[in-house]
Trainee: 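Below you will find the structure I want to go over with you.
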Amino acid sequence: MKAYLFFFLSLCLLACQPTSHEEAEDNKWQLTTVENPVSSQSGEPNLFVADQGEVYLSWIDALENDEHALRFAKWENMQWSAPQTIAQDSGWFVNWADFPSLSVNKNFMAAHWLAKSAEGTYDYEVKVALSEDLGKSWVPPFVLHRDEIAAEHGFVTMLPDQERIFAVWLDGRFTKENDSKSTAVNEHAHGGAMSLYATTFDQKGSMGKEIALDHRICDCCQTDAVNTAQGLIVVYRDRSENEVRDIYITRELDGKWTIPTPVFVDNWQIKACPVNGPAIAAEGENVAITWFTAAEDIPKVQIVFSNDYGTSFTEPVQIHHGNPLGRVDVIMLDNDHAMVSWLEATDKGAEIRAAVVSTNQQLIIDRQIANTADSRSSGFPIMEKAGNEVFFAWTDLKDDRSKIITAMLNINELAL
């Protein structure tokens, strides 16, 4: 056992060994922290980059009397704009891992958040509001899903798709119904489990067809999606009858969704949701997917690449320092390099780290972004790329305060 442990730790150290030009440098990137308009009690940050490169930050501010406000700001003239409120109310379901989002498609905006639908702890629905004047006003929200069942609905990903917004989410409609009411769509079909659903809507809120992508998936892991020249790609954590919860992929080809298949067979068997979903990014025909696994009780952050729009993938590259917590994100820096971020446990809590990996599976740079807490309240760090800048957003916890931090890193400093 000791020999095996030494061998494994040696591999980890080799995998994370900095390149020679880093050795004389401090192992922490010098990010430019940017002031933002969030309150001193803020959290659940998200970032979105529109087609023309406009960057948006969205978040939740905690207010008095159990009220919350979903707000956003735009990056303009090298600073965040004044905040604009999308929605404000009580009775929301605010969760460290299931955070709201903002999506912009040309001349309209869409934002989602979660609101309680019944008395059950996890009875909540997805609300979506639309704006046709760049966020100055928002129409009353509609519910994204159409089952009208008081159950868990969330972990939404939204992104532009031609003239509409595509949305995919975890749907608990069958968790409160008998097997006989479930409709099988593929070999993963199973009543009583969490499902994966998708739809589209336009700027007026006109809904497209509601599509069941998978009828048995992990209960509370994030989804992610990307749009490519060959169509949409969705990634998520599956759940087999034997409680294997590996990362799966489904693609929209010629208007039809492919049967879900594993990105890689980790064979992680776990009888509880790890609350750790995958992340995906694409540049041209190249696709990168990163995720967390703890198969065989060995925690790992891994990344794979595809050069054929997600049809096939490389073997995984491990990116961690031996004790990762997951909470991953990924962006493509260019056609040949991806950046992965994750949380790594430390003696003092955790740190946010980021690494650059080439599509030929070489670890180029591995650096610390910031110190953070290892608690749930620290949430999920988010990255987005716009032009030559990488934007970061995360939740900083100090005493009783929860406040979002935003920062930037110029890609030219990476010397790729």
Side-chain angles (χ1 to χ4, degrees), residues 46 97-99 101 103 154-161 166-171 185-186 188 194-199 211-240 244-253 256-268 273-283 285-293 295 300-317 319 326-332 338-342 357 359 380 382-384:
N46 215 335
D98 195 354
F99 36 88
S101 70
S103 183
F155 296 96
V156 180
T157 296
M158 297 195 306
L159 73 163
D161 183 27
F166 169 80
V168 61
W169 69 94
L170 271 58
D171 194 298
V185 294
N186 54 52
H188 299 283
M194 188 67 70
S195 300
L196 184 71
Y197 271 77
T199 193
I211 303 170
L213 301 179
D214 195 327
H215 268 301
R216 185 179 175 86
I217 67 171
C218 200
D219 303 75
C220 48
C221 286
Q222 296 77 18
T223 62
D224 204 4
V226 72
N227 215 333
T228 73
Q230 283 197 354
L232 292 157
I233 303 174
V234 172
V235 290
Y236 60 98
R237 190 177 294 280
D238 195 62
R239 178 187 175 194
S240 77
V244 173
R245 304 186 188 226
D246 288 346
I247 303 303
Y248 271 57
I249 181 174
T250 179
R251 301 185 299 146
E252 185 188 36
L253 298 177
K256 296 182 179 180
W257 288 91
T258 61
I259 294 175
T261 57
V263 173
F264 179 77
V265 180
D266 291 306
N267 199 32
W268 186 15
C273 177
V275 197
N276 250 305
I280 186 172
E283 182 78 21
E285 70 278 12
N286 288 336
V287 176
I289 299 175
T290 187
W291 72 96
F292 172 83
T293 182
K300 302 175 187 176
V301 169
Q302 304 186 126
I303 184 171
V304 293
F305 292 98
S306 170
N307 61 7
D308 52 13
Y309 297 99
T311 303
S312 61
F313 289 95
T314 63
E315 290 294 308
V317 177
I319 312 171
R327 309 190 199 182
V328 300
D329 201 3
V330 65
I331 56 175
M332 294 296 294
M339 178 178 282
V340 180
S341 66
W342 75 98
V357 188
T359 54
F380 283 66
I382 303 294
M383 294 188 302
E384 284 291 351

Trainee: Distance check, rounded to the nearest 0.5 Å: Y248 atom OH versus I289 atom CD1?
Mentor: 13.5 Å

Trainee: What is the minimum heavy-atom distance between V304 and P316, and which atoms define it?
Mentor: CG1-CA, 3.6 Å

Trainee: Is there a side-chain contact between I211 and T199, using heavy atoms and a 4.5 Å cut-off?
Mentor: no

Trainee: Counting C-beta onward and ignoring hydrogens, is there a side-chain heavy-atom pair between F166 and T157 closer than 4.5 Å?
Mentor: no

Trainee: In a check of side chain to side chain contact (heavy atoms under 4.5 Å, CB included) between T223 and each of V168, V156, I217, which one passes?
Mentor: V168

Trainee: To the nearest 0.5 Å, what is the distance between CG on L213 and CD1 on I259?
Mentor: 12.5 Å

Trainee: Are side-chain N/O atoms of W291 and D246 paired as donor and acceptor at under 3.5 Å?
Mentor: no

Trainee: About how many Å separate CD1 of I247 and CH2 of W268, when rounded to the nearest 0.5 Å?
Mentor: 8.5 Å

Trainee: Main chain of T258, side chain of T250: is a donor-acceptor contact present, judged purely on distance under 3.5 Å?
Mentor: yes

Trainee: Decide yes or no on side-chain contact (heavy atoms from CB on, under 4.5 Å) for I319 and I303, but give the supporting numbers first.
Mentor: CA-CA 8 Å; I319 312 171; I303 184 171; 3.4 Å; yes

Trainee: Quick check: closest heavy atoms across R237 and P278, and the distance to 0.1 Å?
Mentor: N-CD, 4.2 Å

Trainee: For residues D171 and Y197, report the shortest heavy-atom separation together with the two atoms involved.
Mentor: CB-CD1, 3.6 Å

Trainee: As a quick check of understanding, evaluate side-chain contact (heavy atoms from CB on, under 4.5 Å) for R251 and T311, giving each step before the final call.
Mentor: CA-CA 9 Å; R251 301 185 299 146; T311 303; 3.2 Å; yes

Trainee: Where do A225 and V234 come nearest, in terms of heavy atoms and distance?
Mentor: CB-CG2, 4.0 Å

Trainee: Please name the pair of heavy atoms, one in V275 and one in C221, separated by the smallest distance, quoted to 0.1 Å.
Mentor: N-SG, 3.7 Å

Trainee: Taking S306 for the side chain and S312 for the main chain, is one N or O donor matched with an acceptor at less than 3.5 Å?
Mentor: yes

Trainee: Give the intermediate values and the outcome of side-chain contact (heavy atoms from CB on, under 4.5 Å) for residues N276 and R327.
Mentor: CA-CA 6 Å; N276 250 305; R327 309 190 199 182; 4.1 Å; yes

Trainee: Do F99 and I382 have side-chain heavy atoms sitting under 4.5 Å apart?
Mentor: yes

Trainee: Please determine whether a side-chain nitrogen of the Lys or Arg among D238 and R216 lies less than 4.0 Å from a carboxylate oxygen of the Asp or Glu.
Mentor: no

Trainee: For the residue pair L232 and W257, establish whether any side-chain heavy-atom pair is separated by less than 4.5 Å.
Mentor: yes

Trainee: Side chains of D214 and Y236: is there a donor and an acceptor less than 3.5 Å apart?
Mentor: yes

Trainee: I'd like to know if the side chain of D224 and the backbone of V235 have a donor-acceptor N/O pair within less than 3.5 Å.
Mentor: no

Trainee: Just by distance, no angles: are the side chains of Q302 and D266 close enough, under 3.5 Å, to form a donor-acceptor pair?
Mentor: yes

Trainee: Might you point out which heavy atoms bring M383 and D329 nearest each other, and give the distance in Å?
Mentor: N-OD2, 2.8 Å

Trainee: How many angstroms lie between OG in S240 and CZ in R245, if you round to the nearest 0.5 Å?
Mentor: 8.5 Å

Trainee: Say you draw a straight line from CE of M332 to CD1 of I280; how long is it, rounded to the nearest 0.5 Å?
Mentor: 10.5 Å

Trainee: Spell out, as yes or no, whether a donor-acceptor pair under 3.5 Å connects the side chain of N307 to the backbone of N286.
Mentor: no

Trainee: For a 4.5 angstrom cut-off between non-hydrogen side-chain atoms, does I233 reach I249?
Mentor: yes

Trainee: Tell me if a side-chain donor or acceptor on D98 pairs with a main-chain N or O of G154 at a distance below 3.5 Å.
Mentor: no

Trainee: Take V330 and M339 through the side-chain contact (heavy atoms from CB on, under 4.5 Å) test and state the conclusion after the steps.
Mentor: CA-CA 6 Å; V330 65; M339 178 178 282; over 6 Å; no

Trainee: To the closest 0.5 Å, what do you measure between CH2 (W169) and CG (L196)?
Mentor: 9.0 Å

Trainee: Decide yes or no for P274 and C218: does some side-chain heavy atom of the first lie under 4.5 Å from some side-chain heavy atom of the second?
Mentor: yes

